[in-house]
Amino acid sequence: PFGADSKVYLFMSWRDHIVSDGNMLLGKPAIKGTRISIELILDLLSTGWTEKMVLESYPQLTGEHLKSAFAYLKECMENELYFPISKSAP
């Protein structure tokens, strides 16, 4: 049913890669099997690190781990787990 040039995207659950353990990192969500928090990954990427830089600096991470961080963040936003931003003065 798919042509040679078609791309098939499989559903990836962030739950396969992210855990929250009250005994580690104060319960912050982290990549399973590591002490690398989702907060750290997002901080690195938001300050200009490229995916390549993150993966080279943290070889235990994979591209799937980085995608799972964004899938987790997306679900948090969908569930309104964010801080409202007030309008700035005109």
Side-chain angles (χ1 to χ4, degrees):
F2 299 104
D5 295 330
S6 295
K7 294 182 180 179
V8 178
Y9 296 95
L10 301 176
F11 176 75
M12 186 263 312
S13 173
W14 61 262
R15 289 174 179 82
D16 295 335
H17 302 284
I18 298 176
V19 295
S20 178
D21 179 348
N23 295 316
M24 184 179 72
L25 300 176
L26 302 173
K28 290 182 179 182
I31 299 299
K32 190 182 292 186
T34 75
R35 294 183 59 81
I36 300 171
S37 70
I38 301 309
E39 179 183 13
L40 173 64
I41 292 170
L42 296 174
D43 182 53
L44 294 174
L45 294 170
S46 71
T47 57
W49 284 47
T50 64
E51 179 179 341
K52 181 180 178 184
M53 291 166 67
V54 174
L55 296 176
E56 287 177 351
S57 296
Y58 299 90
Q60 63 272 49
L61 294 180
T62 67
E64 286 296 306
H65 290 132
L66 300 183
K67 290 176 190 172
S68 69
F70 284 100
Y72 172 78
L73 180 60
K74 176 186 171 285
E75 190 167 310
C76 288
M77 296 297 292
E78 288 174 345
N79 291 309
E80 299 181 20
L81 298 175
Y82 56 88
F83 297 101
I85 301 171
S86 61
K87 294 180 181 180
S88 59

Between CD1 on residue Ile18 and CD1 on residue Ile38, distance to nearest 0.5 Å: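 Rounded to the nearest 0.5 Å, the CD1-CD1 separation comes to 3.5 Å.
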
Can you name the residues that form a side chain to side chain contact (heavy atoms under 4.5 Å, CB included) with Glu56, not counting sequence neighbours?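 If we apply the side chain to side chain contact (heavy atoms under 4.5 Å, CB included) test to Glu56, skipping adjacent residues, the hits are Lys52.
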
What closest approach, in Å, do Leu55 and Gly63 show between heavy atoms, and which atom pair accounts for it? CD2-N, 4.0 Å

Ser20: what forms a side-chain hydrogen bond (donor to acceptor under 3.5 Å, both in side chains) with it, not counting sequence neighbours? none

With sequence neighbours excluded, residues passing side-chain hydrogen bond (donor to acceptor under 3.5 Å, both in side chains) with Arg35: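 Listed in chain order: nothing, the list is empty.
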
Ring pair (Phe, Tyr, Trp, His ring centres under 6.0 Å) partners of residues 35-76, not counting sequence neighbours, each pair once: Trp14-Tyr72, His17-His65

Please tell me if the side chains of Val54 and Leu45 come closer than 4.5 Å, counting only heavy atoms from C-beta onward.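 Yes. Closest side-chain heavy atoms under 4.5 Å.
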
Are Ile41 and Val19 grouped together when hydrophobic residues (ILVMFWY) are joined by side-chain heavy atoms under 4.5 angstrom apart? no

Would you tabulate the side-chain donor-acceptor contacts of residues 23-34 under 3.5 Å, counting partners in other chains and residues two or more places apart, or write 'none'?
| unit_1 | atom_1 | unit_2 | atom_2 | d |
| --- | --- | --- | --- | --- |
| Lys28 | NZ | Glu39 | OE1 | 2.6 |
| Lys32 | NZ | Asp16 | O | 3.4 |
| Thr34 | OG1 | Ile31 | O | 2.8 |
| Thr34 | OG1 | Ile36 | N | 3.0 |

